[in-house]
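In what follows, every chain begins at residue 1, and chains take the letters A, B, ... in the order their sequences are listed. Bear in mind the structure is a predicted one, so any value in this text is a computation, not a measurement.
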2 protein chains.
Amino acid sequence: MLWLLNQISQFAPISPEGQLALASVLVRKEVPKGYVLLEHGKICRHLYMLEKGFARGYYTQDGRDISLWFAFEGDILASYYSFVTLKPSYTTIEILEDSTIAGVSYDQLNELYRNYPEFNLIGRLMTEKYFIELEERTLSFQFQSASERYHQLIEKHPQLLQKASLGHIASFLGISQETLSRIRAKK
Amino acid sequence: MLWLLNQISQFAPISPEGQLALASVLVRKEVPKGYVLLEHGKICRHLYMLEKGFARGYYTQDGRDISLWFAFEGDILASYYSFVTLKPSYTTIEILEDSTIAGVSYDQLNELYRNYPEFNLIGRLMTEKYFIELEERTLSFQFQSASERYHQLIEKHPQLLQKASLGHIASFLGISQETLSRIRAKK
DNA sequence: CGCCGAGTTGAACTGAATCAAGAAACGTGG
DNA sequence: CCACGTTTCTTGATTCAGTTCAACTCGGCG
């Protein structure tokens, strides 16, 4: 509980009342490796934060899956698109290591937004943070080669090498597994 | 004035006091074709909305420019990254048709956020909207071919054909001008 | 008219995909 | 603790989408 409050109050301080209100609706769960938190086609009705563990979001096309993102401790686990629009998610969220997650439901969050406007500030800042990260990722597709993207990714998240498989990383970079293997081979 | 209020109140209603406060700090400008609204390397201290006209954001690499986005009426003109972090922008914003823009400065907007928390809700919703659009764009790089990306773009924004040059569109799609010309040639 | 920027077309080249096969690592049951 | 099957990773040969460079066309405009 404390952990999540601490995490999100790094975006902006939360009043004692707000903290209490959040704590009272917060759900905390342990989920095992392999667990599917959100299934493709379902509506994402919860916003979780990954307290401990590792996860990824992926898209399925022609029978193979393509990683959209990886989540480390402190990252949000949700399909933004589905959560915001309440339309079916195209993303599947898969837990890749035994994890602890904490979060709130769509209704509860909106209740919080209504009763404690200060949460809108936090929501805005968090959205801005993820927007900027996504912008950087889009840029990398537009001007970097496969090899450049790989090296930059590993520099930013060296833990990925231990945690994610070659195939997961390759699809995240938008390249084939074989190509990534060859990139690794040279130097 | 009215126009911009109307636009952003589509995200969420604004109280009369909020409307007044916003109106009092709003700047409205006419800018000619060719005008550079934000220069690469400068800090983006204003958030404008394009009321009428057409513009694009681009990045310069090895002497050539690569389009990052196009803005139509109602779209935001700013480098989100620079505006939010107050770091130098890597984006240049160029007006492509005589335009009317309206907006607020960084300081004024934060003043609004502070005094009228309701604006945080609007800020969050607008950021979410752009986040989802960007997500779609990133996806398109991850699994679509150049030709698929082009046809989808044109389907979504047919006006682009009249407004933007082949070179601008090609760099936006992450392909060379020649390739786009060939894509056009066949069917 | 002649120039100029924008778009097209051709030919050679290249980074990455695909298909196919094999090697290594990994976990589970005996 | 080993043996087996499964999954993950590597390597090779071939193909293909898209780049690059270069020459050429077209429509406007001074």
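In this structure, of dG7(C), dT20(D), dT18(C), it is dG7(C) that holds the atom nearest to the side chain of Leu166(B). Listed nucleotides: dT18(C), dT8(C), dT20(D). Nearest to the side chain of Ser181(B): dT8(C). The nucleotide whose nearest atom lies closest to any side-chain atom of Ser165(A) is, among dA13(D), dT8(D), dT10(D), dT8(D). Residue Arg184(B) has its side chain nearest to dT8(C) when only dT18(C), dT19(D), dT8(C) are considered.
For Ile175(B) and dA17(D), the CD1 to P distance is 14 Å, given to the nearest whole Å. What separates OH of Tyr150(B) from C1' of dG7(C) is a distance of 12 Å, to the nearest Å. Regarding Gln177(B), its CD atom lies at a distance of 6 Å from the P atom of dG7(C), rounded to whole Å. In this structure, Phe141(B) atom CZ and dA16(C) atom C1' are separated by 17 Å, rounded to whole Å. One can place CD of Gln162(A) at 15 Å from P of dA25(C), the figure rounded to the nearest angstrom. In this structure, CG of Leu180(A) is placed 14 Å from P of dT8(D), rounded to the nearest angstrom. Atoms CD1 (Ile169(B)) and P (dT8(C)) sit 11 Å apart, rounded to a whole Å. What separates CG of Leu160(A) from P of dT8(D) is a distance of 16 Å, to the nearest Å.
Contact of Arg182(B) with dG10(C) (side chain to base): a donor-acceptor pair of N or O atoms is detected under 3.5 Å.
Across Lys52(A), Arg56(A), Lys163(A), a single residue satisfies salt bridge (Lys or Arg N to Asp or Glu O under 4.0 Å) together with Glu97(A), and that is Lys163(A).
Backbone-only contact: Ser145(A) has heavy atoms under 4.0 Å from sugar-phosphate atoms and none from a base.
The aromatic rings of Tyr48(B) and His46(B) sit parallel to each other, their planes meeting at less than 30°, with 60° as the upper class boundary. Phe72(A) and Phe54(A) have tilted rings, their planes meeting at an angle from 30° to 60° on a 0 to 90° scale.
Cation-pi geometry between Arg137(B) and Phe141(A) is not met at under 6.0 angstrom from the ring centre and within 45 degrees of the axis.
Of the side-chain N and O atoms in Ser176(A), one or more sit less than 4.0 angstrom from OP1 or OP2 of dA17(C).
Toward the 5′ end of DNA chain C lies the nearest nucleotide of Ala146(A), the other residue of the pair Glu178(A) and Ala146(A) mapping further downstream.
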Evaluation steps, salt bridge (Lys or Arg N to Asp or Glu O under 4.0 Å), between Glu128(A) and Arg124(A): CA-CA 6 Å; Glu128(A) 281 172 358; Arg124(A) 175 172 67 82; 3.1 Å; yes
